**Student:** 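Sharing a structure, written as structure tokens. Questions coming.
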Number of protein chains: 4
Amino acid sequence: MTYRVGIINVTGYAGMEAARLLWNHPAAKLVAATGRSLAGQRLGDAFPSLGLYAALPITETIEESVDVVFSSLPTAESAKACAPFVRAGVKVIDIAADFRLKAPGAFEQWMGGGQPHPAPDLLAEAVYGLPELNRERIAAARLVANPGCYPAAAILALAPAVKAGIIEPSIVVDAKSGISGAGRGSGGGFGYSEVNEDVSAYKIANHNHQPEIAQELGALRGGDEPRVTFVPHLVPMTRGIHATCYAPLARDVTQAQVAELYREFYRGAPFTSVAAAPPHTKHTLGTNRCLVHPVVDARNGMLVVASVLDNLGKGAAGQAIENMNLMLGLDQAAGLQLPAVYP
Amino acid sequence: MTYRVGIINVTGYAGMEAARLLWNHPAAKLVAATGRSLAGQRLGDAFPSLGLYAALPITETIEESVDVVFSSLPTAESAKACAPFVRAGVKVIDIAADFRLKAPGAFEQWMGGGQPHPAPDLLAEAVYGLPELNRERIAAARLVANPGCYPAAAILALAPAVKAGIIEPSIVVDAKSGISGAGRGSGGGFGYSEVNEDVSAYKIANHNHQPEIAQELGALRGGDEPRVTFVPHLVPMTRGIHATCYAPLARDVTQAQVAELYREFYRGAPFTSVAAAPPHTKHTLGTNRCLVHPVVDARNGMLVVASVLDNLGKGAAGQAIENMNLMLGLDQAAGLQLPAVYP
Amino acid sequence: MTYRVGIINVTGYAGMEAARLLWNHPAAKLVAATGRSLAGQRLGDAFPSLGLYAALPITETIEESVDVVFSSLPTAESAKACAPFVRAGVKVIDIAADFRLKAPGAFEQWMGGGQPHPAPDLLAEAVYGLPELNRERIAAARLVANPGCYPAAAILALAPAVKAGIIEPSIVVDAKSGISGAGRGSGGGFGYSEVNEDVSAYKIANHNHQPEIAQELGALRGGDEPRVTFVPHLVPMTRGIHATCYAPLARDVTQAQVAELYREFYRGAPFTSVAAAPPHTKHTLGTNRCLVHPVVDARNGMLVVASVLDNLGKGAAGQAIENMNLMLGLDQAAGLQLPAVYP
Amino acid sequence: MTYRVGIINVTGYAGMEAARLLWNHPAAKLVAATGRSLAGQRLGDAFPSLGLYAALPITETIEESVDVVFSSLPTAESAKACAPFVRAGVKVIDIAADFRLKAPGAFEQWMGGGQPHPAPDLLAEAVYGLPELNRERIAAARLVANPGCYPAAAILALAPAVKAGIIEPSIVVDAKSGISGAGRGSGGGFGYSEVNEDVSAYKIANHNHQPEIAQELGALRGGDEPRVTFVPHLVPMTRGIHATCYAPLARDVTQAQVAELYREFYRGAPFTSVAAAPPHTKHTLGTNRCLVHPVVDARNGMLVVASVLDNLGKGAAGQAIENMNLMLGLDQAAGLQLPAVYP
């Protein structure tokens, strides 16, 4: 059987990447793709990189019958677009941030510019789509909130340590992202000449991925959220996230113990693994992989964990397809076992 | 049936890329991979981007029984390594330059540093592996000389015009290449700090891809080689070749006529197509595609053709697998229908 | 004595670069700078790279008394803004393209979208500001048309050969530019994620720098313009132009003769010199230098000349200051003797 | 008066940058430059970016009479080369790390591979060359230990907070560096194709700049060194360091108080200033500037400070010249007031 997939806003980077990854999926096929600005064009014409989709029209709305929908609309718009599909029995993966934050008022504070959530009942049932933590719940979900790219990297870096209680709940996440994380329509401020040969931080300790990280790590501690200082940076590359995470050790552990703890935690996870050396973002380019590398800084009693992923892969579209696979009862790795494009 | 493939020198970029592309091939499987400096390691450990090959050892020589061998050894070494496999009945695709130049003395002059060709009988029978020109001969070959990355781009840009006789035999090929074209072991001169934010030409009108271009274009004119001035440039990106080709028009033709001529020439070619606008190298990243775009400069009576490809794809490993498919009687596009990684 | 300089549209890249270079000029000082979108801010606040200009306000118009004005407004707007200053006796260097093309109708055809030139009398008297060709006329001018970045590179590459009559009047100029050439306000199409890791041609044989190159090379042949096929390309770097120029040799010359011809032509030129090896754009970064490198392709009877410069230096603001120096009777190299920023 | 300067190992990046900056210095002139591998060539020929030094020979040793010497030799070699000059009364600035760590055994542990320091008496008298902390001592010194690039960024980010006692002595320094920080001879591992489009950490919590940061911050606390977890990262750009520093607040302070504290600390410092927004490395390119930006993360009781500089400027050669200016009694900013090269 081949499942029928629709993408809402295929013209965003995450939407484009989902289309790219679906081309060779053994059990799912892209049959509908929306995108307001380019509606009326064929997907393969609008984006020459997707030239294989020569026949697929970009439409204003999804009219085809579909089994699954991905949405990569901007925040707040996405929830509105997803809701009717969920209610109609279509499996929905929201790549936007609308269904991630559960705390009352969190959406208004961080996402909605003061507007209330457009579908609070669905927010309550949405499952956070990180299979390393929530595999069974994802498999049973109608609606999955796909993780943010930074939180995916940070949570995978920290989850084993938080779960095992070996670190204090006072965490620093210093994240470096390629420019595609800013999205296709990002416009001003991301021109090549300014961004190239430059590193800068932004939204220091004030980015809406901070509460997302805290919420999910908190869930591993019975709901007691750790303090998380999160600082994102832009670095001059197109794809990739490198999260470097720091937390004081809560008890004496050796490097060997921590490495074993991490390996054990991710045993069985098809896409997250423990690297023996500091990992490179480029080792994940174009894939759904995440590599984590914990280091005990015994001199200072600190745990340092580096993690890397492709922000459009495990940080967005790859993760979305992994979630789709689970929701449809397919092999979790279907269509996603790809070597990285290297060099 | 699954064919068994060996790669000689998997540690070069072309070898790595062949391994990457073979992972998802429906009818071929990498079973042996050599690489002197890393022999003894597992391929997936030596190159984390190829982590899926966790079990495949890198060996000094190919001991496994194989149906096909790719060689990406340096020039002159490669012919020596290929010869025994050809003689043993294994299909061989030489990604190096050893079997490309047919003229007496050409190998000595351009490749061998004065040394004679190590296997002149095989040189005579080797088929130049550009399926857009030599599809049937490749299918019947025991030994294929895989085109150079620059010649692949230049020949595909010029073949329709040369074949149709619409240009004078006085051609300029101005090519821009990403740095991976220099190879993994290139060392000095390709350090990041020097190459980044820099463009330069090298081997001006003196690169060994010049006679290769002239030879193959000459074959389209009954052996009468055109003059080809070939200038390669390095540009600060990892992958991609952009060839811009210039030749005086030999007769009055319109833009529409030339576009139609090109479309007709490549009708049926699964990987080369005519772009309606100036093509971008990035639209081919990670793929076996070539995009060509002819423009009539009526003001000056000149034909300009831009062509783009991934130097490790259609310019090396992708092309090698396409040749393998033909040699084995498989679908020409097997394992190679991949959207480009974009952005 | 210190001359007082004004910059019209300091917020464009050429304007910013002029301000940067003027900071350490021994005999000129920036006293006024306009820029509509940022008017009201201090220059050093609007652009942290120019933080040393902490006190200089960006204004809507130049109210200060000035001796010299640079304009880097967009085409067509610039002529209108320059005219009153010329008529008021202020020396004017127009970095825009408005005063470059002399042929009747050329402005309408190439620049003005069909609109007539706003100041045809000034167009007639404007001097093309390439000191290697027009040193004395620049020194006597009230209004200088600063060369385009591509023409500067191409003309300096070709002038010695054209002047000496050693090439046929059938020229190909294949130029590669960093992205800053597109200007600060270029917006769509120059986002980092699209431009990075990409090369593409644009406006193939249809760019308005083509007639500029032809006009100035024609002036070296008594007004007989050569055919020029000009193809610009964007490469992923911020600054730098590499022009590779091709023309059939009109008579037998040796490499040594051509090298000597070029060295002789540029003897005494403070900023253009003949490189012994293929030059690198990065060797000119941040400077007013141009390096040219002629190669005789004896096999094909072709002259190849590579030239490099910084598109914001010798291709714009550096050149403008060199012109200013000449117009004011200063040392031609005043304020411009800078080593390149390397690596 | 013009002081005579020698550079030991001008062929390293820091040496090249010192030569670049000295070209326009009003009171110092480069008269001797050593470099083993290139000895015998002219500096302007060996490095076309320094073409203005057409007459200066690269020699094996400094034979000229000099007033000041910079050394950018590799660690351990440098101390041996510097010692004779210091003893001969020449002012010496060691850009290498040899004279930085004062604690007994620190050189052996971190720098010397177990070898003892070659000049312990000079180690004792060497002054750490960060003028924002040690202006008077530098002015009186015979021998200055120029700070490491990472420590320069980190110490300038943290000094005001450490001095004022507003943070706990438990510090994280997450630093991102351009590739030139690895040095010109770095070879393997820094090839363009591997480094481009990649971010990775290295020497996690184990880099020899960690004790340097701790030592100098400790000096601000009466010798009581804070814990410093230092993790350097390589990002794909040539120049620039971005240090992001984290420490728990020791008492309640507001954003406004911290900003004022920082501004007050750097009032009068010609090259370090407090940025009102997150600073960009590119705003310092080619200069001796450092921009720091403190942020109070009140939600988590954490101070975050971002700082940026050019690793070859304030992180190496620019800093060295600033130190030279002080040691010679010149204006601290002589020759160093340069706008950044931007874009």
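Chain naming here is simple, since letters A, B, ... match the order of the sequence lines and numbering starts at 1 in each. This structure is a prediction, so every number in the text was calculated from the model and none was measured.
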**Student:** I'd like to know if the side chain of Asn9(D) and the backbone of Ser72(D) have a donor-acceptor N/O pair within less than 3.5 Å.
**Tutor:**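 Answer holds: yes.
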**Student:** Can you check side-chain contact (heavy atoms from CB on, under 4.5 Å) on Ile58(D) and Thr34(D), steps first, answer last?
**Tutor:** CA-CA 5 Å; Ile58(D) 303 176; Thr34(D) 78; 5.7 Å; no
**Student:** What closest approach, in Å, do Asp198(C) and Pro236(C) show between heavy atoms, and which atom pair accounts for it?
**Tutor:**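 So the minimum-distance heavy-atom pair works out to O-CD, 3.1 Å.
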**Student:** Taking side chain as C-beta onward, heavy atoms only, is Arg289(C) less than 4.5 Å from Lys314(C)?
**Tutor:**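 No. Closest side-chain heavy atoms not under 4.5 Å.
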**Student:** Looking at every heavy atom in both Thr284(C) and Thr287(C), which two are closest together, and how far apart are they?
**Tutor:**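 Closest pair (atom of Thr284(C), atom of Thr287(C), distance): O-OG1, 2.8 Å.
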**Student:** Relative to chain D, which segment of Asp45(C) carries a heavy atom at a distance below 4.5 Å: side chain, backbone, both, or neither?
**Tutor:**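 Neither part.
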**Student:** Identify which of Leu50(D), Leu312(D), Asn24(D) forms the greatest number of heavy-atom pairs closer than 4.5 Å to chain C.
**Tutor:**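 So the answer, after comparing Leu50(D), Leu312(D), Asn24(D), is Asn24(D).
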**Student:** Under the ring-ring contact (aromatic ring centres under 6.0 Å, His included) definition, can you give me all pairs with a residue in residues 17-51 of chain C, not counting sequence neighbours?
**Tutor:** Trp23(C)-Tyr53(C)
**Student:** For residues Ile179(D) and Thr238(D), determine if any side-chain heavy atom of one lies less than 4.5 Å from a side-chain heavy atom of the other.
**Tutor:**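 No - every pair of side-chain heavy atoms lies 4.5 Å or more apart.
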**Student:** Kindly give the heavy-atom pair with the smallest separation between Pro48(D) and Ala46(D), and that separation in Å.
**Tutor:**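 Shortest heavy-atom contact: CD-O, 3.7 Å.
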**Student:** If the contact rule is any heavy atom under 4.5 Å from chain C, which residues of residues 336-343 of chain D qualify, in numerical order?
**Tutor:** Gln337(D), Leu338(D), Pro339(D), Ala340(D), Val341(D), Tyr342(D), Pro343(D)
**Student:** Chain C: which of Glu197(D), Met16(D), Lys282(D) shares the most heavy-atom pairs with it under 4.5 Å?
**Tutor:**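 Counting heavy-atom pairs under 4.5 Å, the top option is Glu197(D).
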**Student:** Below 4.5 Å from any heavy atom of chain D, which atoms of Arg20(C) appear? Answer side chain, backbone, both or neither.
**Tutor:**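 For Arg20(C), backbone and side chain are both near chain D.
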**Student:** Which residues from residues 266-281 of chain C are near chain D, with near meaning under 4.5 Å between non-hydrogen atoms?
**Tutor:**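 Within residues 266-281 of chain C, near chain D: nothing under 4.5 Å.
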**Student:** What closest approach, in Å, do Ala334(C) and Asn325(C) show between heavy atoms, and which atom pair accounts for it?
**Tutor:** O-ND2, 3.0 Å
**Student:** Taking atom types as modelled, is there a side-chain donor on Ser177(D) or Asn311(D) under 3.5 Å from an acceptor on the other?
**Tutor:**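 No.
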**Student:** Checking Tyr262(C) now: which residues fulfil side-chain hydrogen bond (donor to acceptor under 3.5 Å, both in side chains) with it, not counting sequence neighbours?
**Tutor:** none
